[in-house]
Enquirer: 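My structure is below; once you've seen it, I'll send some questions.
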Amino acid sequence: MTTDSAQRMTISLPPEAARYLEEYQQAHHLSSRSEAVLKAVQALRDQQLAKDYAALARENDPERVRLLEGNTDGMEPGDGSEWL
């Protein structure tokens, strides 16, 4: 069963990564380290989505192209190479 509530998670980071996360949080006026981690997760998801779109574009499958036509999920049209 899925819920919309947040799940608690404890993570350990090397000191330099923890420092960067805190600096990022402060520089971008984020309310918490959790919000900074969420931004990182979203960036990873966006990167994977771009790679997936690029792979689909390389396949050049006319049926997939037809299904994806006009569906950019908020991304600019392109082959995704600018995200790699």
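Note: hydrogens, waters and symmetry copies are ignored here, and every other heavy atom, side chains too, is used.
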Enquirer: In Å, rounded to the nearest 0.5 Å, how long is the span from CD of Gln47 to CG of Asp52?
Expert: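 Gln47 atom CD to Asp52 atom CG measures 10.5 Å (nearest 0.5 Å).
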Enquirer: Check which hydrophobic residues are tied to Ile11 through side-chain heavy-atom contacts below 4.5 Å, counting indirect links as well, and list them.
Expert: Met9, Leu13, Leu21, Val37, Val41
Enquirer: Please list, chain by chain and in numerical order, all residues satisfying side-chain contact (heavy atoms from CB on, under 4.5 Å) with Ser31, sequence neighbours excluded.
Expert: Glu35
Enquirer: Suppose the criterion is side chain to side chain donor-acceptor pair (under 3.5 Å): which pairs have a residue in residues 9-26, not counting sequence neighbours?
Expert: Glu22-Arg33
